[in-house]
Each structure stands twice: as structure tokens, then as C-alpha cells.
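Everything below concerns the one structure shown next.
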Amino acid sequence: MGPILLPIALVSAGAAAILNLWLAMRTGAIRRQSKVSIGDGGNEALIRRMRAHANFIESAPFILILIALIEFTNGTSLWLWVASVLFVLARVAHALGMDGMRLGRELGTLVTFALLLGLGGYAVTLPFVAPAMHGVPAVSAVPAG
């Protein structure tokens with residue numbers, strides 16, 4: 001058997017890495033501009049950039065793991081591609097919103113929370129519905145015996 005290819009997970013992780021770099025570079029630019037090498041120096045712009053970056057780091061691992069596991073379980077699907085693209089766009093909107101773009105922060109947060117809930121909820125149900133789709137015994141909520 002050859003390698004298992006998870007194209008959505010790969011593209012999502014690659015996009016997240018690039019987005020993480022962009023967020024770090026934006027934070028670094030404010031650091032250089034304000035001459036603050038450690039902490040935030042009380043600089044409002046730096047605090048906002050740091051929070052946008054930290055907020056990304058707080059949600060990205062969960063989204064990426066869920067996308068990969070769902071894709072591994074169910075295969076590649078259009079709706080999972082849509083979820084991945086929405087996540088990247090939401091995180092860009094959030095970062096720009098932290099800099100003052102109208103509704104960016106709120107929209108980015110709302111979409112990220114919806115994706116966490118939707119992907120998480122779907123993942124929790126998969127052990128009970130996926131086996132039937134793949135012809136293997138289902139996980140039972142009732143102990144055998």
C-alpha cells in the first residue's frame with residue numbers, strides 16, 4: 001500500500017504555515033517600528049498584532065487536526081475544502097480587523113468559532129456513523145456483553 005494522501009489537510013497546513021509567517025512578520029514590523037524587542041511596551045498596535053497572532057495559534061491546531069482526521073476518515077470532499085478556505089479567510093479578516101478593518105475581527109471570530117463547533121461536532125459523531133459507511137463494526141455507546 002502506498003502513502004496516504006490528504007490533499008485538504010496538506011494544503012490547509014501549508015496555508016496555515018504561510019499565514020502564521022505573515023502574522024509574525026506583521027508583529028515584527030511593529031516591534032521594529034516601536035523599538036520594542038520583548039513584551040508589548042504598552043504599544044496598542046503591537047498588542048493588537050500580538051493578539052491576532054496568538055489567537056491564530058490558539059485555533060489553528062484544532063482546525064488542522066480536525067480537517068486531517070475527518071479527511072482521513074471520510075476522504076476528500078468539497079465541504080471540507082470550503083471549511084479550510086473559510087478558516088484561512090477568517091483568520092486574515094480577524095488580523096486585519098485587529099488593525100481596524102470594519103467587521104474583520106468579529107467576522108473572523110464568528111467564522112472560526114462556527115468551524116470549531118461544526119468540525120468538532122462532526123468529528124464526535126464520526127465513530128458512530130462512519131463505520132457503517134465503510135462496512136466495519138460501529139462504535140457502540142452501550143458496552144458489549
Side-chain angles (χ1 to χ4, degrees), residues 1-134 136 138-141 143:
M1 184 170 147
I4 298 169
L5 181 63
L6 302 173
I8 303 171
L10 285 169
V11 171
S12 299
I18 293 166
L19 183 52
N20 186 51
L21 178 62
W22 176 69
L23 292 166
M25 290 173 63
R26 287 168 39 90
T27 302
I30 297 291
R31 283 190 179 286
R32 284 186 302 282
Q33 187 180 70
S34 60
K35 297 179 181 15
V36 176
S37 64
I38 297 176
D40 59 40
N43 181 306
E44 180 76 20
L46 181 54
I47 292 168
R48 289 177 174 277
R49 294 268 175 103
M50 289 172 64
R51 273 311 306 150
H53 191 197
N55 193 269
F56 173 76
I57 297 301
E58 292 163 4
S59 60
F62 290 101
I63 296 287
L64 294 174
I65 290 167
L66 287 165
I67 286 172
L69 291 174
I70 291 168
E71 184 177 18
F72 183 76
T73 303
N74 281 353
T76 304
S77 67
L78 178 60
W79 77 267
L80 211 49
W81 277 114
V82 170
S84 174
V85 169
L86 282 175
F87 177 68
V88 171
L89 293 175
R91 294 290 84 203
V92 170
H94 179 269
L96 296 176
M98 291 295 282
D99 279 352
M101 184 181 91
R102 192 172 183 276
L103 299 177
R105 179 180 177 208
E106 294 82 2
L107 184 61
T109 300
L110 180 64
V111 170
T112 299
F113 284 1
L115 288 168
L116 283 167
L117 180 61
L119 291 168
Y122 187 64
V124 167
T125 65
L126 274 176
F128 303 98
V129 297
M133 296 177 351
H134 298 289
V136 296
V139 172
S140 174

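No side-chain heavy atom of Thr112 sits less than 4.5 Å from a side-chain heavy atom of His94. Residues His53 and Asn20 form a side-chain contact, since some pair of their non-hydrogen atoms from C-beta on lies under 4.5 Å apart. In this structure, Arg51 and Glu58 have side chains that are in contact, with non-hydrogen atoms separated by less than 4.5 Å. Using a 4.5 Å heavy-atom threshold, the side chains of Leu119 and Leu80 count as touching. Side-chain contact between Trp81 and Val11: present, with at least one pair of heavy atoms (C-beta onward) separated by less than 4.5 Å. Looking only at side-chain heavy atoms (C-beta outward), Leu23 and Ile57 stay at 4.5 Å or farther from each other. Contact of the Gln33 side chain with the Leu46 side chain is not registered, since no non-hydrogen atoms from C-beta on lie closer than 4.5 Å.
Judged purely by atom type and a 3.5 angstrom limit, Arg31 uses its side chain to pair as donor or acceptor with the backbone of Gly39. Between the side chain of Thr109 and the backbone N or O of Glu106, no donor-acceptor pair lies under 3.5 Å.
Closest of all the heavy-atom pairs between Met25 and Arg32 is O-NH2, 4.5 Å. Val88 and Ala15 get closest at one heavy-atom pair: CG2-CB, 3.9 Å. Here the closest non-hydrogen pair linking Leu116 and Ile63 is CD2-CD1, 3.7 Å. Residue Ala52 comes nearest to Met98 through the heavy atom pair CB-CG, 3.9 Å, listed as atom of the first residue, atom of the second, then distance. Between Glu71 and Ala9, the shortest heavy-atom contact is OE1-N, 2.8 Å. Of all heavy-atom pairs spanning Asn43 and Ala45, the tightest one is OD1-N, 2.9 Å.
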Decide side chain to side chain contact (heavy atoms under 4.5 Å, CB included) for Leu5 and Leu10; before the verdict, give the C-alpha distance in whole Å, the side-chain angles of both, and the deciding distance to 0.1 Å.
CA-CA 8 Å; Leu5 181 63; Leu10 285 169; 3.4 Å; yes
Tell me, with the steps shown, if Asn55 and Arg91 meet side-chain hydrogen bond (donor to acceptor under 3.5 Å, both in side chains).
CA-CA 9 Å; Asn55 193 269; Arg91 294 290 84 203; 2.4 Å; yes
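Between Thr27 atom OG1 and Trp22 atom CH2 the span is 9.5 Å, to the nearest 0.5 Å. Taken to the nearest 0.5 Å, the CD1 atom of Ile18 stands 8.0 Å off from the CG atom of Leu21. Going from atom CG of Leu66 over to atom CG of Leu115 covers 10.0 Å, rounded to the nearest 0.5 Å. Distance check: Trp79 CH2 to Ile8 CD1 gives 8.5 Å after rounding to the nearest 0.5 Å. The CG atom of Leu107 lies 11.5 Å from the CG atom of Leu96; values are rounded to the nearest 0.5 Å. Here Leu64 contributes atom CG and Leu69 contributes atom CG; the two are 11.0 Å apart, rounded to the nearest 0.5 Å.
More than 12 heavy atoms of other residues, nucleotides or ligands sit less than 6.0 Å from atom CZ of Arg26.
In this structure, Phe56 and Phe87 have parallel ring planes: the angle between them is below the 30° cut-off, well short of the 60° mark.
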